[in-house]
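Report on one structure; see the data block that follows.
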2 protein chains.
Amino acid sequence: MNAVGSRLLTRSTEDYLKAIYSLGGDAGLPVQTAAIADALGVAAPSVSGMLRRLAEAGFLEHIPYRGVRLTDDGRRVALRMVRRHRILESYLTSKLGYDWDSVHDEAERMEHAVSDDLIERMAQVLGSPSYDPHGAPIPTPAGEVEELKHVPLAELGVGQWGELRMVSDKDPERLRFLKSVGLEVGTRFQVIERQPFNGPVTIRVAGRQPQPLGNELARSLGCAARETEGAA
Amino acid sequence: MNAVGSRLLTRSTEDYLKAIYSLGGDAGLPVQTAAIADALGVAAPSVSGMLRRLAEAGFLEHIPYRGVRLTDDGRRVALRMVRRHRILESYLTSKLGYDWDSVHDEAERMEHAVSDDLIERMAQVLGSPSYDPHGAPIPTPAGEVEELKHVPLAELGVGQWGELRMVSDKDPERLRFLKSVGLEVGTRFQVIERQPFNGPVTIRVAGRQPQPLGNELARSLGCAARETEGAA
DNA sequence: ACAAGAAATTAGGTGGCCCTAAATATGAAG
DNA sequence: CTTCATATTTAGGGCCACCTAATTTCTTGT
């Protein structure tokens, strides 16, 4: 199953490959050293060294001074970690009472320790979910991920209806804020107002006061545009 | 909560302290380097070095060439790991369909990765169990463990009744064998025959053929002596 | 076309934990 | 009391993954 010769599947390897994947490696784009360093909270030279080792092990192609691209092998490892992470988040939320703003860290540590067997048992208990609690699609065990066609909330026009579909799990504070203003995955809202030049976007959720959202936040929310107030 | 100064709470530290604890450190006995090396599958000099670091960190007292003894701090860490391990085994068995011969390894890896919070949530979902699936007592979050007064099966007399109470979780093959001959925690049996000088002990479980058990195995099974065939 | 700034890599070093080989301490038997 | 086997420690290395400082390469504006 795990192809290539000498393996080196350590925790660090898994973290690097997952970070590279989520930094654009999913679209096969080259990813820069600095972006990886930033995502993992390590210094750039540490990344340089690690990329060399990962390239030697066959997980990625490295064009010096340009960036890296995952090989099929590297992508396989990354997707396995993404599946693990999302199944764990789903399980912890649904079976152990975790809230969507607190599952991320727990899943992040567990994803390196548990067996494939445990992940599949969890998936089974949950009825093989397709999305995690933040609306992110869960890759299949074979490594297939659904392509999402969400639009950032920031790109909806004034007066338009939308439904929140996906939110990053990485920032607990942001998640708590969203919940406090009534925004969860599946929440419908209407865009009420937009300040020019990247100012806040104001939306209204049924039964709530109009709520301004900073533009950066609005860019981070994956939505589906809706014709009317009702219906999917 | 975690007392003492410079911490160094790595996976290896946790493994060493847990091993020392279960090697007799629970009774405050000095534990030898070679025993630790054997339990952890590392070379003796590696243990020597690690013991020095652990002693410096305040987890144990080291009398050179004599052995080590856990400090209160060391015992606290060890008991925390034991609680984690046993809660995890209980949870995996009861909620995710694991069998008693396969939970050990999974729990062994997870116990280093999960948070105290997760462990307590699992304990709560299970109703705060006192024993794990192998009959071992689960320490409280405060680090108290029940003293067990089991007798090894090997010490029961011919004709005497007993009830299996505890079995080591470390050897899957042994566990599968026990299950195959109808022995689980709680199973009652009668000692039918005993060969002299550490030979096999033959027991009978209700509705089964008499079953010989090697003496080493019989020594490893914790039992309660029973007056008759019935009753607790 | 080139100089400046940004990004990446190399150089050199650290700590944790492992190893083998060699030296040394302990303790049991003669 | 000495000797010898066994247990332990020291000596000397290696690997992984991190760090800072210095250097090299790329890119972009003039």
Side-chain angles (χ1 to χ4, degrees), chain A residues 4-20 23-25 29-70 74 77 81 108-109 111-113, chain B residues 2 4-20 23-25 29-70 74 77 81 108-109 112-113:
Chain A
V4 177
S6 54
R7 243 50 263 270
L8 140 97
L9 261 184
T10 65
R11 152 146 205 183
S12 220
T13 298
E14 292 173 346
D15 278 338
Y16 272 80
L17 295 175
K18 192 174 67 140
I20 293 165
L23 245 35
L29 300 171
V31 176
Q32 295 182 316
T33 303
I36 300 167
D38 189 56
L40 296 175
V42 299
S46 306
V47 175
S48 264
M50 191 63 177
L51 292 183
R52 185 172 37 67
R53 266 170 269 146
L54 292 174
E56 272 163 18
F59 292 122
L60 40 82
E61 288 173 66
H62 187 193
I63 305 171
Y65 292 96
R66 283 309 176 75
V68 291
R69 201 188 297 268
L70 292 174
V77 172
M81 298 317 289
E108 191 83 2
R109 277 176 284 108
E111 67 191 18
H112 302 289
Chain B
N2 272 332
V4 179
S6 53
R7 244 49 266 271
L8 142 98
L9 261 184
T10 65
R11 153 147 206 180
S12 220
T13 298
E14 292 172 345
D15 279 338
Y16 272 81
L17 295 175
K18 192 174 65 142
I20 292 165
L23 245 35
L29 301 171
V31 176
Q32 295 181 315
T33 303
I36 300 167
D38 190 57
L40 296 175
V42 300
S46 306
V47 176
S48 263
M50 191 64 177
L51 293 183
R52 185 171 36 66
R53 266 170 269 145
L54 292 174
E56 274 163 18
F59 292 121
L60 40 84
E61 287 173 66
H62 187 193
I63 305 171
Y65 291 97
R66 284 307 177 78
V68 291
R69 199 187 298 270
L70 292 175
V77 172
M81 299 317 289
E108 191 84 3
R109 278 176 283 108
H112 302 288

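Only a predicted model underlies this, so the values are computations on that prediction, with no experimental measurement involved. Per chain, numbering begins at 1; letters A, B, ... match sequence-line order. Atom set for the values below is all heavy atoms of this structure, side chains included, hydrogens, waters and symmetry mates excluded.
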>> To check you understand the geometry: which heavy-atom pair defines the closest contact between A/Ala19 and A/Leu40, and what is its length?
In response: CB-CD2, 3.9 Å
>> Return the CD to CZ distance between B/Glu14 and B/Phe59, rounded to the nearest 0.5 Å.
In response: 9.0 Å
>> Base contacts versus sugar-phosphate-only contacts with protein, heavy atoms under 4.0 Å: please encode nucleotides 18-26 of chain D as B, S and - from 5' to 3'.
In response: SBBB--BSS
>> Minimum heavy-atom separation for A/Glu111 and A/Glu108, please, with both atom names.
In response: CG-O, 3.2 Å
> Looking at five pairs on each end of the helix from C/dA1-D/dT30 to C/dG30-D/dC1, what is the angle between the two axes, given to 10 degrees?
Replying inline: 10°
>> Students should find this one: the first and last nucleotides of DNA chain C, 5' to 3', lying under 4.0 Å from a heavy atom of chain A. What are they?
In response: C/dA8 to C/dT10
>> Run the side-chain contact (heavy atoms from CB on, under 4.5 Å) test against B/Arg11 and tell me which residues pass, sequence neighbours left out.
In response: B/Asp15, B/Arg109, B/His112
> For B/Ile63 and D/dA7, what is the distance between atoms CD1 and P respectively, to the nearest whole Å?
Replying inline: 19 Å
> How long is the gap from CD1 on A/Ile20 to CG on A/Leu54, to the nearest 0.5 Å?
Replying inline: 6.0 Å
>> Would you compute the distance between atom CE of B/Met81 and atom OG1 of B/Thr13 and round it to the nearest 0.5 angstrom?
In response: 10.5 Å
>> If I take atom CG from residue A/Leu60 and atom CE from residue A/Met50, how far apart are they, to the nearest 0.5 angstrom?
In response: 9.5 Å
>> Rounding to an integer number of Å, can you tell me how far B/His62 NE2 sits from D/dA7 P?
In response: 15 Å
> Under the side-chain contact (heavy atoms from CB on, under 4.5 Å) test, which residues partner B/Ala43, sequence neighbours left out?
Replying inline: B/Pro45, B/Ser46
>> Whole angstroms only, please: what is the CG-C1' distance between B/Leu51 and D/dT10?
In response: 14 Å
> In chain order, what residues pass the side-chain contact (heavy atoms from CB on, under 4.5 Å) check against A/Ala113, with sequence neighbours excluded?
Replying inline: B/Ala113
> Just how far, in rounded Å, is P of D/dT8 from CD1 of B/Ile36?
Replying inline: 9 Å
> Run the salt bridge (charged side-chain N to carboxylate O under 4.0 Å, His left out) check on B/Arg66 and B/Glu61 step by step: do they pass?
Replying inline: CA-CA 11 Å; B/Arg66 284 307 177 78; B/Glu61 287 173 66; over 6 Å; no
> Contact class for A/Ser48 vs. all strands (heavy atom < 4.0 Å): base, sugar-phosphate, or nothing?
Replying inline: base
> Can you name the one residue among B/Val77, B/Val68, B/Val42 that meets side chain to side chain contact (heavy atoms under 4.5 Å, CB included) with B/Tyr16?
Replying inline: B/Val42
> A/Gln32 CD to D/dT27 C1': how many Å, rounded?
Replying inline: 12 Å
